[in-house]
Amino acid sequence: MIHTASPVRAAEAGAGGWVLRTDGGTLAADWIIVAGDAYSFGPWERLAREQVPLPYFNFATPPVPEALRGRILPGRQGIWDTQQVLTSLRYDAAGRLVFGSIGALAGIEAGVHAAYARRALARLFPELPPAPFEAGWFGTIGMTDDALLRFRRLARNVVSISGYNGRGIGPGTVFGRLLADLVLARIRPEEVPLPERDVTVPHWRAAKAAFYAAGSAAAHLVGERRPA
C-alpha cells in the first residue's frame, strides 16, 4: 500500500521494529528504506544536507513520429553527458523526448533554458520537426562532492542509497532492487557494491548551489549557438 502526502515526522525504534509517525497516524515497520535523496527531511534530513542542492529542469517534445524513432535513440536509451552543466535525454512512455539540464524554470531564466534546449535538440537531431514543447517542469537534484553514491546503514534495519547526482532514473531502479534484496535477506550488507561512508556536509554548500545555478543560466545563454 502506498500513502502519498504523508511525510514521516519521527521514527522511533522499539523492541519489535520501528514506529513511523505522520500527521495522520502511525505505521509499524520491521525495515525502513530511506529513498528521499535530495528531498530527505525529518528524521533523515542529514542525507540531504550532505549534498549540494541544484534545480534541474525537463522539457518534453510532442511524441516523435514513428518513422523517426528508428533513427533517434532507436534503443530508447536514456543518455546524459559528463559536462560540468549536466544535460540528459530520454523518451517517455508516449514517445516524447524529454530534455533536461541544470536550471530553474522561474523568471527570465525559464526562457533562457527553453531556448537552449531547442538549440541543443536541433543540433543533436536536425531531422526532428521543430515544435513547441508540450510541457516543462523542474525540481531538485543533489550533488555529492565526489559525484559518487552513498550507501548508509543509518540505524538497525534502516538503510539508504543516495547521491545520484542527477542520474537517478536508471541507477535508482537498479539500487532500489538491490535494497529490496537486502531487506529480504537475499544479500548481505557486505555485498552492496558501494562503500559505507559517514555523513558529512560539503564545505560552502549554499555558495556552491548558488554558483552552479547562476553558472548554468550563463552557460545556457551562450551554449549551442552557431557561429555567425
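With sequence neighbours left out, the side chain to side chain contact (heavy atoms under 4.5 Å, CB included) criterion links Phe41 to Pro7, Arg9. Annotation: ring pair (Phe, Tyr, Trp, His ring centres under 6.0 Å) contacts of Phe133 (sequence neighbours excluded): Phe59. Arg188 is linked by a salt bridge (charged side-chain N to carboxylate O under 4.0 Å, His left out) to Glu190, Glu191, counting only residues two or more places apart in sequence or in another chain. Ile33 pairs by the side chain to side chain contact (heavy atoms under 4.5 Å, CB included) definition with Val159, Leu179, Val183, not counting sequence neighbours. With sequence neighbours excluded, the residues satisfying side-chain hydrogen bond (donor to acceptor under 3.5 Å, both in side chains) with His220 are Ser101, His113. With sequence neighbours excluded, no residue forms a side-chain hydrogen bond (donor to acceptor under 3.5 Å, both in side chains) with Arg71. For Ser160, the side-chain hydrogen bond (donor to acceptor under 3.5 Å, both in side chains) test picks out no residue, with sequence neighbours left out. Applying the side chain to side chain contact (heavy atoms under 4.5 Å, CB included) test to Leu54 and every residue at least two apart in sequence or in another chain returns Val52, Ile102, Ile141, Met143, Tyr212. Shown here are the side-chain hydrogen bond (donor to acceptor under 3.5 Å, both in side chains) partners of Arg156, two or more places apart in sequence or in another chain: there are none. By the side chain to side chain contact (heavy atoms under 4.5 Å, CB included) test, Pro132 pairs with no residue at all, sequence neighbours left out.
Heavy-atom minimum distance, Pro43 versus Ala11: CG-N, 3.9 Å. Minimum heavy-atom separation, Pro189 to Leu182: N-CD1, 3.5 Å. When all heavy atoms are compared, the tightest approach of Phe138 to Pro55 is CD1-CB, 4.3 Å. Closest approach of Gly100 to Asn58, counting heavy atoms only: CA-OD1, 3.5 Å. Closest of all the heavy-atom pairs between Thr144 and Gly163 is CG2-CA, 3.8 Å. Summarising the geometry of Ala48 relative to Ala38, their closest heavy-atom pair is CB-O, 3.6 Å, with the distance given to 0.1 Å.
You'll find the side chain of Val64 stays beyond 4.5 Å of the side chain of Phe125, heavy atoms only. Two residues are said to be in side-chain contact when any heavy atoms from C-beta on lie closer than 4.5 Å; Leu178 and Ile187 meet this criterion. Leu121 is listed as a side-chain neighbour of Leu89, based on a closest heavy-atom distance under 4.5 Å. At least one side-chain heavy atom of Phe175 sits less than 4.5 Å from a side-chain heavy atom of Pro193. Side chains of Leu128 and Leu97 form a contact here, defined as non-hydrogen atoms less than 4.5 Å apart. Taking 4.5 Å as the limit, every side-chain heavy atom of Tyr116 sits out of range of all side-chain heavy atoms of Val85. Taking the side chain as every heavy atom from C-beta outward, Arg69 and Pro63 approach each other to under 4.5 Å. Side-chain contact check for Leu86 versus Asp81: some heavy-atom pair is nearer than 4.5 Å.
A salt bridge (charged side-chain N to carboxylate O under 4.0 Å, His left out) with Glu196 is found for exactly one of Arg152, Arg153, Arg150, namely Arg153.
The distance from atom OG of Ser216 to atom OH of Tyr56, rounded to the nearest 0.5 Å, is 11.0 Å. Taking CG of Asn165 as the reference point, atom CH2 of Trp80 lies at 11.0 Å (rounded to 0.5 Å). Considering OG1 of Thr87 and CZ of Phe57, their distance stands at 9.0 Å, rounded to 0.5 Å. With values rounded to the nearest 0.5 angstrom, Leu149 atom CG is found 10.0 Å from Arg167 atom CZ. Taken to the nearest 0.5 Å, the CZ atom of Phe99 stands 12.5 Å off from the CZ atom of Arg90. Once rounded to the nearest 0.5 Å, the distance linking NE2 of His3 with CG of Leu27 reads 7.0 Å.
Follow the hydrophobic side-chain contacts under 4.5 Å out from Ile161 and you never reach Val158; the two are in separate clusters. Under the 4.5 Å side-chain heavy-atom criterion for grouping Ile, Leu, Val, Met, Phe, Trp and Tyr, Trp31 is not connected to Val8 through any hydrophobic cluster. No single ILVMFWY cluster, assembled from side-chain heavy atoms under 4.5 Å apart, contains both Val98 and Leu68. Note on Leu194: it clusters hydrophobically with Tyr164, by side-chain heavy-atom contacts below 4.5 Å among ILVMFWY residues.
Residue pairs satisfying the salt bridge (charged side-chain N to carboxylate O under 4.0 Å, His left out) criterion with at least one member in residues 113-139, sequence neighbours excluded, are listed as follows: Arg96-Glu134, Arg123-Glu224. Sorted by first and then second residue, the salt bridge (charged side-chain N to carboxylate O under 4.0 Å, His left out) pairs involving residues 203-221 (not counting sequence neighbours) are Asp145-Lys208.
Counting only distance, with no hydrogens or angles, the side chain of Ser6 and the backbone of Thr4 share a donor-acceptor pair below 3.5 Å. Of the possible polar contacts, none joining the Glu50 side chain to the Arg46 backbone as a donor-acceptor pair under 3.5 Å is found. For Thr140 (side chain) and Pro53 (main-chain N/O), no donor-acceptor pair under 3.5 Å exists by modelled atom type. Checked by atom type and distance alone, the side chain of Asn157 pairs as donor or acceptor with a backbone atom of Asp30 at under 3.5 Å.
Counting non-hydrogen atoms of other residues, nucleotides and ligands closer than 6.0 Å to CD1 of Ile79 gives a total above 12.
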